[in-house]
Amino acid sequence: MKGEEMCPNPIMRFEDGNFPDYVMKEVVRAGFTSPTAIQSQGFSIALTGQDLVGIAQTGSGKTLGYTLPAIIHCNNQPYLERGDGPIVLVLAPTRELAQQIQEVAEQFGKSSRVKNTCVFGGAPKGPQLRDLENGVEICIATPGRLIDFLEAGKVNLRRTTYMVLDEADRMLDMGFEPQIRKIFEQIRPDRQVQMWSATWPKEVQQLARDFLHHSYIHINIGSQDLSANHNILQIVDVCEEWQKESKLARLLEEIGSDNSSKILVFVETKRKADELTRLMRKDGWPAMCIHGDKQQKERDWVLGEFKQGGTTILVATDVAARGLDVDDVKFVINYDYPNNSEDYIHRIGRTA
């Protein structure tokens, strides 16, 4: 941990955090008994208004770690006036993750009427603009669409005092650094900034040095090195490209007979996702797929079907490798091995 001398004690029980009643009501309703490790320390730092870097593995509760303090922050600011931009801005790399963050903001913010909107490409601009014009305390956005609105003068960040970069490492991998820097230029200097990530590569460290106050606190849960979740059984089958289809068919015969088991199949390209889905459906497997070329409406629907068990096999490119929160994923199949070990670890983490 960096900045230990300024670090407040962790909040080990929700009851000890002096959270307002409206937050505690939602915590109880959600059935949470105690904060996760990253939340215990993250809550106490975020609530003191300090800048923070939080590194923890996928599925450790990072979203709630910054959302609860964000809602409390909003409720301690003057009310929004006409033309005001958001008080809280959360940047995320993909539409799926942005929408998932919105679900948490909606769930925990509704009791105190903290409004939110989700701004991302691939969906009509009209409803997103309408939300922003009507005034929202929390804006969750992917960088590209937010830049479009900023450049068109449709939104301003003059009221933004709480800024979060979620999956910061992934955003840099996807080439969003210029957009992130452009967004930071428009945010007031007295902001509170938090970066949440699963890894801590040099590029993320540089971003932290450039945009967080010098005295920021860095918390790390687990090893600094990225490692696979030890609870996951990994089986590697090295084979030729032409053998993959028959091996997948055999594997599905073994594991797919239990209709309640959810299976996530990762492929490298959009074309392969479509092709493989077609083949699997031809063989009688109820597969669906998502990738970046699909319409947002279709991506939402397919994801909803997979979450609710309407389909048990989802074929996906890496748009589903991070932040995808689906219960009961029993198997992850890497039909195409990813380009780096980091992506592999995030993919298999979907089963954790």
Peer 1: Where do Tyr22 and Asn75 land on the side chain to side chain donor-acceptor pair (under 3.5 Å) test, with the steps shown first?
Peer 2: CA-CA 11 Å; Tyr22 57 81; Asn75 281 312; 3.1 Å; yes

Peer 1: Would you say the side chain of Gln179 lies within less than 4.5 Å of the side chain of Leu91, judging by non-hydrogen atoms?
Peer 2: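 Of all side-chain heavy-atom pairs linking Gln179 with Leu91, none is under 4.5 Å.
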
Peer 1: When rounded to the nearest 0.5 angstrom, what distance separates CZ in Arg95 from CZ in Arg145?
Peer 2: 9.0 Å

Peer 1: Ion pair present between Lys115 and Asp131, side-chain N to carboxylate O less than 4.0 angstrom?
Peer 2: no

Peer 1: Any chance you could measure Leu207, atom CG, to Leu212, atom CG, to the nearest 0.5 Å?
Peer 2: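 Interatomic distance, Leu207 CG to Leu212 CG, rounded to 0.5 Å: 8.5 Å.
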
Peer 1: Measure the NZ-NZ distance between Lys125 and Lys154 for me, rounded to the nearest 0.5 Å.
Peer 2: 9.5 Å

Peer 1: What I want to find out is whether Lys294 reaches Asp274 closely enough, with some N-O distance under 4.0 Å, to be called a salt bridge.
Peer 2: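 A salt bridge links Lys294 with Asp274.
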
Peer 1: Under 6.0 Å between ring centres: does that hold for Phe19 and Phe43?
Peer 2: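 Phe19 vs Phe43: aromatic centres under 6.0 Å.
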
Peer 1: Hey, are the side chains of Gln186 and Thr160 touching, using non-hydrogen atoms and a 4.5 Å cut-off?
Peer 2: no

Peer 1: Is there side-chain contact between Phe211 and Met163, with at least one heavy-atom pair below 4.5 Å?
Peer 2: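 A side-chain contact is absent here, since even the closest heavy-atom pair is not under 4.5 Å.
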
Peer 1: Does any non-hydrogen side-chain atom of Tyr66 lie less than 4.5 Å from one of Leu165?
Peer 2: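 They are not in side-chain contact.
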
Peer 1: Could you please spell out the steps behind the salt bridge (Lys or Arg N to Asp or Glu O under 4.0 Å) verdict for Arg130 and Glu133?
Peer 2: CA-CA 5 Å; Arg130 212 164 29 249; Glu133 281 164 7; over 6 Å; no

Peer 1: Please examine the side chains of Asn134 and Thr117, heavy atoms only from C-beta on, and report whether any two atoms are closer than 4.5 Å.
Peer 2: no

Peer 1: Run the numbers on Ser246 and Gln243 for side chain to side chain donor-acceptor pair (under 3.5 Å), then give the verdict.
Peer 2: CA-CA 6 Å; Ser246 59; Gln243 297 173 300; over 6 Å; no

Peer 1: Under a 4.0 Å threshold between the charged nitrogen and the carboxylate oxygen, would Lys62 count as salt-bridged to Asp166?
Peer 2: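 Salt bridge between Asp166 and Lys62, a charged N being under 4.0 Å from a carboxylate O: no.
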
Peer 1: Show the numbers, then the answer: is there a salt bridge (Lys or Arg N to Asp or Glu O under 4.0 Å) between Lys297 and Asp300?
Peer 2: CA-CA 5 Å; Lys297 212 177 261 183; Asp300 292 345; over 6 Å; no

Peer 1: Mind checking whether Asn116 and Glu137 have side chains closer than 4.5 Å, heavy atoms only?
Peer 2: no

Peer 1: I'd like to know if Arg181 pairs up with Asp210 as an ion pair, taking the criterion as any Lys NZ or Arg NE/NH1/NH2 lying under 4.0 Å from an Asp or Glu carboxylate oxygen.
Peer 2: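 A salt bridge links Arg181 with Asp210.
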
Peer 1: So do the side chains of Leu314 and Val265 get within less than 4.5 Å of each other, counting heavy atoms only?
Peer 2: no

Peer 1: If you measure from the Lys or Arg side-chain nitrogens to the Asp or Glu carboxylate oxygens, is any gap between Arg159 and Glu81 under 4.0 Å?
Peer 2: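 Salt bridge: no.
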
Peer 1: So Thr142 and Val119, do their side chains get closer than 4.5 Å, heavy atoms only?
Peer 2: no

Peer 1: Before accepting this row, confirm whether a basic side-chain N of the pair Lys272/Glu275 lies closer than 4.0 Å to the acidic partner's carboxylate O.
Peer 2: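 Counted as a salt bridge, because a side-chain N and a carboxylate O are separated by less than 4.0 Å.
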
Peer 1: Once rounded to the nearest 0.5 Å, what's the spacing between atom CZ of Arg250 and atom CG of Asp237?
Peer 2: 8.5 Å

